[in-house]
Structures are given as C-alpha cells and as structure tokens.
Amino acid sequence: NERRRKKQEAGLDRLETQLRGDRDPRTQTYLRHLRELYRNFQEDLDAGKVSRSARTVLVDVENLFRAAVKHLEHSYHLWETASRMSGDPKRTMLDAREQVVQEVQKSVEHVSRIIEQFHSFRVKEDETELAKLRQELDDTMLAARRAEERVAALGKSAEYDISEFE
C-alpha cells in the first residue's frame with residue numbers, strides 16, 4: 001500500500017513537471033488542489049476518522065481523482081500536439097484542450113464539495129446522506145465519462161492526420 005502511494009506520488013510529480021510546460025497555471029493549480037484533497041482524505045481514512053460504512057465513498061473519490069488526473073494528462077498531450085501545429089488544426093486542438101481543462105475544474109470543485117459534505121456529516125453517520133453522496137459521485141463519474149467521450153469524438157472528427165504535423 002505504501003509502495004503504491006509512493007509510485008502514485010512519483011507519477012503525479014512527473015505530471016506536475018510536465019504541466020509547467022503548458023504555461024497554463026490552471027492545470028498545475030488543479031493538480032495541486034486534487035493532490036491535497038486526496039491526501040487529506042486518505043489521512044482521515046488512515047487515522048480512523050472515516051467510518052467503515054463511509055469507506056465505499058473513498059472508492060468513488062479515488063475514481064474521480066484518477067479520472068481528473070487522466071484528464072490533466074490528456075490536456076497536456078493536446079497542448080503538446082497543438083504546439084506543433086498551426087492554423088485551424090491548432091485551434092481545434094486548443095479548443096478540445098480547453099474543454100478538458102474545464103472538466104477538470106468541475107471535477108476538482110465537485111471533489112472538494114463532496115469531501116466537505118462528507119466531513120460535515122461524518123459525525124452523524126447518516127446512511128441516507130452517504131447514499132446521496134455516493135449517487136453524486138456516480139453522477140459525476142458519468143459526466144466525466146461523457147466528457148471524455150466528447151473529447152475523444154473531437155479528436156476523431158478531425159479531417160487531418162495529426163502525424164502530418166509532427
């Protein structure tokens with residue numbers, strides 16, 4: 001478990017270094033915020049501040065965290081590809097990247113709200129609140145999946161071959 005965390009942190013450190021290259025402070029800020037939220041939530045779990053019944057929420061938080069990180073990686077690759085292009089193809093790539101960055105922003109805000117809500121009713125151990133929280137996370141994961149599909153569709157609908165510009 002500790003080895004997995006160190007590997008994850010090393011990967012996130014590499015991503016943070018890459019994101020510095022895109023000259024968009026939002027991506028770095030979102031990654032740092034995600035990491036902090038996730039780390040604090042994980043610490044609460046490790047310290048026993050999270051009840052057994054609420055641990056299922058952790059799985060959903062982890063899934064949303066990973067999806068947001070994947071989107072940040074994708075935004076970097078879109079930026080990298082766009083930087084080798086010009087004209088309309090470049091604009092198309094940058095527009096697709098902007099959509100991905102906006103999805104990451106929404107995910108970060110949602111994770112933050114979910115964890116805040118989670119802490120506010122942690123003492124109550126109210127099962128209906130936990131069910132509501134799980135549903136919100138499921139809905140967010142579905143929205144993230146749809147956004148990913150839209151971004152993938154944008155890339156497929158291009159009338160040019162990206163390799164021509166590399």
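Quick note: residue numbers are just sequence positions, from 1.
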Requested in this report: Apply side chain to side chain contact (heavy atoms under 4.5 Å, CB included) to the pair L137 and L64, showing each step before the final yes or no.
Outcome: CA-CA 8 Å; L137 283 166; L64 189 54; 4.0 Å; yes

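- Residue V69 comes nearest to L15 through the heavy atom pair CG1-CD2, 3.8 Å, listed as atom of the first residue, atom of the second, then distance.
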Query - Stepwise side chain to side chain contact (heavy atoms under 4.5 Å, CB included) check, S107 with H71 - result: CA-CA 10 Å; S107 294; H71 275 67; over 6 Å; no

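- Side-chain contact between M85 and R91 is absent, with no heavy-atom pair separated by less than 4.5 Å.
- Between L12 and F65 the shortest heavy-atom distance is CD1-CZ, 3.8 Å.
- Taking 4.5 Å as the limit, every side-chain heavy atom of Q105 sits out of range of all side-chain heavy atoms of V100.
- Taking 4.0 Å as the cut-off between side-chain N and carboxylate O, E9 and R39 count as a salt-bridged pair.
- A 4.5 Å side-chain heavy-atom check between E136 and H110 finds at least one atom pair inside the cut-off.
- A donor-acceptor contact shorter than 3.5 Å links the side chain of S75 to the backbone of L72.
- The shortest distance between side-chain heavy atoms of W79 and R23 falls below 4.5 Å.
- Between E62 and F41, every side-chain heavy-atom pair lies at or beyond the 4.5 Å cut-off.
- Considering OG1 of T140 and CD of Q135, their distance stands at 9.5 Å, rounded to 0.5 Å.
- Separating the NE2 atom in H33 from the CD atom in E36 is a distance of 7.0 Å, to the nearest 0.5 Å.
- For the pair E16/R35, a side-chain contact is recorded, criterion being any heavy-atom separation below 4.5 Å from C-beta on.
- Between atom CG of residue D88 and atom NZ of residue K90 there is a gap of 12.5 Å, rounded to the nearest 0.5 Å.
- Across all non-hydrogen atoms, the minimal contact from A82 to L94 is CB-CD2, 3.7 Å.
- Using modelled atom types, one finds a donor on one side chain and an acceptor on the other under 3.5 Å when comparing Q102 with E98.
- Under the 3.5 Å distance criterion, with hydrogens and angles disregarded, no donor-acceptor pair is assigned to the side chains of D95 and Q99.
- Put simply, CG on L133 and CD1 on I114 are 4.5 Å apart, with the number rounded to the nearest 0.5 Å.
- Contact annotation: the side chain of E148 approaches that of K70 to within less than 4.5 Å [non-hydrogen atoms, C-beta and beyond].
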**Report entry** Chi angles and distances behind the side chain to side chain contact (heavy atoms under 4.5 Å, CB included) call for R97, T27
**Finding:** CA-CA 11 Å; R97 180 188 175 276; T27 57; 3.5 Å; yes

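- Between E103 and K106 there is a salt bridge, since a side-chain N of the basic residue sits under 4.0 Å from a carboxylate O of the acidic one.
- Checked against L19 for a side chain to side chain contact (heavy atoms under 4.5 Å, CB included), the options L31, T29, D24 give a single hit: L31.
- No continuous path of ILVMFWY side-chain contacts below 4.5 Å connects L37 to Y30, so the two sit in separate hydrophobic clusters.
- Under the 4.0 Å criterion applied to side-chain N and carboxylate O atoms, E149 and R145 are not assigned as salt-bridge partners.
- Within the model, atoms NE2 of H77 and CG of D22 stand 11.5 Å from one another, a figure rounded to the nearest 0.5 Å.
- Interatomic distance, R66 CZ to L34 CG, rounded to the nearest 0.5 Å: 12.5 Å.
- In this structure, the side chains of Y38 and V111 stay at 4.5 Å or more apart for every pair of heavy atoms.
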